[in-house]
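The next block holds one structure in the form of structure tokens; read it before the comments.
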Amino acid sequence: MRKGLGDKLVLAISSRALFNLGESHQIYESEGVEAYRRYQIEHEDEVLMPGDAFPLVEKLLGLNKRLSEQRVEVILVSRNSADTGLRAFNSIQHYGLGISRAAFVGGRSPDPYLAAFGCHLFLSTHADDVRNALKAGFGAATLLSGGARRANSNELRIAFDGDAVLFSDDSERVYQSGGLNAFQDHERESARQALPGGPFKPFLAALHSLQQEFPEADCPIRTALVTARSAPAHERVIRTLREWNIRLDESFFLGGLDKSAVLEAFAADVFFDDQTGHCEKARQVVATGHVPHGVSNELQP
């Protein structure tokens with residue numbers, strides 16, 4: 001094998017996030033593994049419909065064509081066996097997706113293999129696998145169904161929440177324990193102290209690196225921060241991104257306002273947030289990934 005994938009942006013994605021496997025998954029849930037296996041083999045020549053993450057994957061892989069270089073790698077990481085996963089690969093070939101690598105782990109969690117591929121991001125519909133990936137130090141999110149899809153566009157737009165996603169949840173813990181005034185005082189006092197990175201910092205850094213390979217006026221990648229923070233807690237975020245030498249194209253400090261309208265106006269292809277309440281509202285207008293990380297998720301039953 002040639003040198004590793006360290007110079008690429010690497011996305012690992014489950015088959016259920018990439019394709020619509022609702023019918024076959026229902027058979028798995030109601031009738032078990034063997035019935036699921038038979039069903040997939042019997043239907044392996046039937047093309048699967050695109051799933052919630054399909055447009056995102058298509059646009060990411062499209063960057064390779066724009067650059068005339070393989071700078072993005074998408075790897076299928078699935079709980080299927082290779083036997084039952086053949087249908088997914090047949091569908092990949094049908095849609096002309098540039099996906100050639102896969103890990104079929106036969107019913108087990110795939111998180112031990114994310115490091116082997118050097119993944120920046122793991123997207124799945126299996127919440128436990130996502131939690132395991134986050135515990136192992138990878139950016140990961142559970143794709144929620146129902147997000148509206150953007151009209152056809154070659155521009156890739158990705159929006160992120162701040163605390164517990166791009167940044168650590170240290171400041172969120174202050175808010176949870178002491179309230180808004182304590183949080184604002186803490187952030188004002190710490191304004192010149194960079195926030196520690198959160199689970200999505202490596203993915204954002206890889207995106208930013210890709211952006212540098214395009215002319216600024218003609219870059220097909222656009223990123224946004226959509227956070228509940230407001231002044232005076234904005235300064236620390238701005239200074240942190242400066243220290244990281246990472247540019248976000250747009251930033252929205254909403255002070256607790258509903259994020260949905262801004263996300264719809266930004267026309268995000270996907271939005272990542274750690275709080276389920278924000279995700280449930282966002283999924284009505286954009287594809288949304290829940291990041292089950294940080295204190296807000298620890299508090300949930």
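The aromatic rings of Phe272 and Phe203 sit perpendicular, their planes meeting at an angle over 60°, well past the 30° parallel limit. Between Phe19 and Phe54, the ring-plane angle classifies as tilted under the 30° and 60° cut-offs.
Without hydrogens or angle criteria, His208 side chain to Arg247 main chain gives a donor-acceptor distance under 3.5 Å. The main-chain N or O of Leu195 is found under 3.5 Å from a side-chain atom of Thr240 such that the two form a donor-acceptor pair. Put simply, the side chain of His290 gets close to the backbone of Asp274: a donor and an acceptor are under 3.5 Å apart. Proximity of a side-chain donor or acceptor of Asp249 to a complementary backbone N or O of Ala224 within less than 3.5 Å is not detected. Looking only at distances, a side-chain donor or acceptor of Ser177 sits under 3.5 Å from a matching main-chain atom of Val174. Proximity of a side-chain donor or acceptor of Ser91 to a complementary backbone N or O of Arg87 within less than 3.5 Å is detected. For Ser190 (side chain) and Gln193 (main-chain N/O), no donor-acceptor pair under 3.5 Å exists by modelled atom type. For the pair His94 (side chain) and Val47 (backbone), a donor-acceptor distance under 3.5 Å is absent. Although no hydrogens or angles enter the test, the distance criterion places no donor-acceptor pair under 3.5 Å between the side chain of Glu155 and the main chain of Ile221. One N or O on the side chain of Thr288 and one on the backbone of Arg283 form a donor-acceptor pair closer than 3.5 Å.
Between Val57 and Ile99 the shortest heavy-atom distance is CG1-CD1, 4.2 Å. Closest approach of Ser260 to Val285, counting heavy atoms only: O-CG2, 3.7 Å. Closest approach of Arg239 to Ala191, counting heavy atoms only: CD-O, 3.4 Å. Taking all atoms of both residues into account, the shortest heavy-atom contact from Leu48 to Tyr95 is O-OH, 2.7 Å. Minimum interatomic distance between Gln70 and Lys8 (heavy atoms only, all atoms of both residues): O-CE, 2.9 Å. Shown here for Ala268 and Val286, the closest heavy-atom pair between the two residues is O-CG1, 3.7 Å.
Put simply, CG on Leu248 and CG on Leu166 are 6.5 Å apart, with the number rounded to the nearest 0.5 Å. With rounding to the nearest 0.5 angstrom, the CD atom of Gln284 is 11.5 Å from the CG atom of Leu144. Rounding to the nearest 0.5 Å places CE of Met49 at 12.5 Å from CD of Glu23. With values rounded to the nearest 0.5 angstrom, Asp52 atom CG is found 10.5 Å from Leu123 atom CG. Rounding to the nearest 0.5 Å places CG of Asp163 at 7.5 Å from OG of Ser168. Rounding to the nearest 0.5 angstrom, the gap separating the CZ atom in Arg131 from the CG atom in Asn297 is 7.5 Å.
Other members of the hydrophobic cluster containing Tyr39, listed by chain and number, are Ile27; membership follows side-chain contacts under 4.5 Å among ILVMFWY residues, whether direct or relayed.
When hydrophobic clusters are built by joining Ile, Leu, Val, Met, Phe, Trp and Tyr residues whose side-chain heavy atoms come closer than 4.5 Å, directly or via intermediates, Val72 is grouped together with Phe214. In the hydrophobic clustering of this structure, Leu11 groups with Leu67; members are Ile, Leu, Val, Met, Phe, Trp, Tyr whose side-chain heavy atoms approach within less than 4.5 Å, directly or through other members. Hydrophobic clustering keeps Val165 apart from Phe183 (ILVMFWY residues linked when any side-chain heavy atoms are closer than 4.5 Å, directly or through intermediates). By the criterion of side-chain heavy atoms lying less than 4.5 angstrom apart, applied directly or through intervening Ile, Leu, Val, Met, Phe, Trp or Tyr residues, Leu86 is not grouped with Phe104; the two fall into different hydrophobic clusters. By the criterion of side-chain heavy atoms lying less than 4.5 angstrom apart, applied directly or through intervening Ile, Leu, Val, Met, Phe, Trp or Tyr residues, Ile41 is not grouped with Tyr36; the two fall into different hydrophobic clusters.
No side-chain heavy atom of Val291 sits less than 4.5 Å from a side-chain heavy atom of Asp161. For the pair Glu187/Arg229, a side-chain contact is recorded, criterion being any heavy-atom separation below 4.5 Å from C-beta on. Taking 4.5 Å as the limit, some side-chain heavy atom of Leu9 sits within range of a side-chain heavy atom of Leu207. Annotation: side chain of Lys259 is in contact with side chain of Leu254 (closest heavy-atom distance under 4.5 Å). Counting only heavy atoms from C-beta outward, the side chains of Ser296 and Glu172 approach each other to under 4.5 Å. Considering only heavy atoms from C-beta on, His43 stays 4.5 Å or farther from Arg38 through its side chain. Contact annotation: the side chain of Leu63 approaches that of Pro220 to within less than 4.5 Å [non-hydrogen atoms, C-beta and beyond]. Between Leu225 and Phe252, the closest side-chain pair of non-hydrogen atoms is not below 4.5 Å.
When only modelled atom types and interatomic distance are considered, Asp169 and Gln176 share no side-chain donor-acceptor pair under 3.5 Å. No side-chain donor from either of Asp129 and Ser124 sits under 3.5 Å from a side-chain acceptor of the other.
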Taking it one step at a time, do Phe160 and Val226 satisfy side chain to side chain contact (heavy atoms under 4.5 Å, CB included)? CA-CA 6 Å; Phe160 304 87; Val226 184; over 6 Å; no
Chi angles and distances behind the side-chain hydrogen bond (donor to acceptor under 3.5 Å, both in side chains) call for Asn90, Glu46: CA-CA 8 Å; Asn90 288 343; Glu46 295 179 14; over 6 Å; no
Test side chain to side chain contact (heavy atoms under 4.5 Å, CB included) on Tyr113 and Val105; report intermediate values, then the result. CA-CA 9 Å; Tyr113 302 99; Val105 298; 3.6 Å; yes
From CA spacing to verdict: salt bridge (charged side-chain N to carboxylate O under 4.0 Å, His left out), Arg236, Glu189: CA-CA 9 Å; Arg236 192 178 185 193; Glu189 294 165 2; over 6 Å; no
Apply side chain to side chain contact (heavy atoms under 4.5 Å, CB included) to residues Arg188 and Asp185 and explain how you reach the verdict. CA-CA 5 Å; Arg188 187 186 294 107; Asp185 289 344; 3.0 Å; yes
For the pair Asn80 and Ser15, evaluate side chain to side chain contact (heavy atoms under 4.5 Å, CB included) and give the outcome as yes or no after the intermediate values. CA-CA 8 Å; Asn80 282 306; Ser15 53; 3.3 Å; yes
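Under a cutoff of 6.0 Å and an axis angle of 45°, Arg157 and Phe266 form a cation-pi pair.
Residue pairs meeting the salt bridge (charged side-chain N to carboxylate O under 4.0 Å, His left out) criterion with at least one partner in residues 194-217, sequence neighbours excluded, are Arg71-Glu213.
For Tyr175, the OH atom counts as loosely surrounded, since its 6.0 Å shell holds 12 or fewer non-hydrogen atoms of other residues, nucleotides or ligands. Atom CD of Gln26 has 12 or fewer heavy atoms from other residues, nucleotides or ligands within 6.0 Å.
Remark: Ala115 pairs with Phe138 by the side-chain contact (heavy atoms from CB on, under 4.5 Å) rule, at least two apart or across chains.
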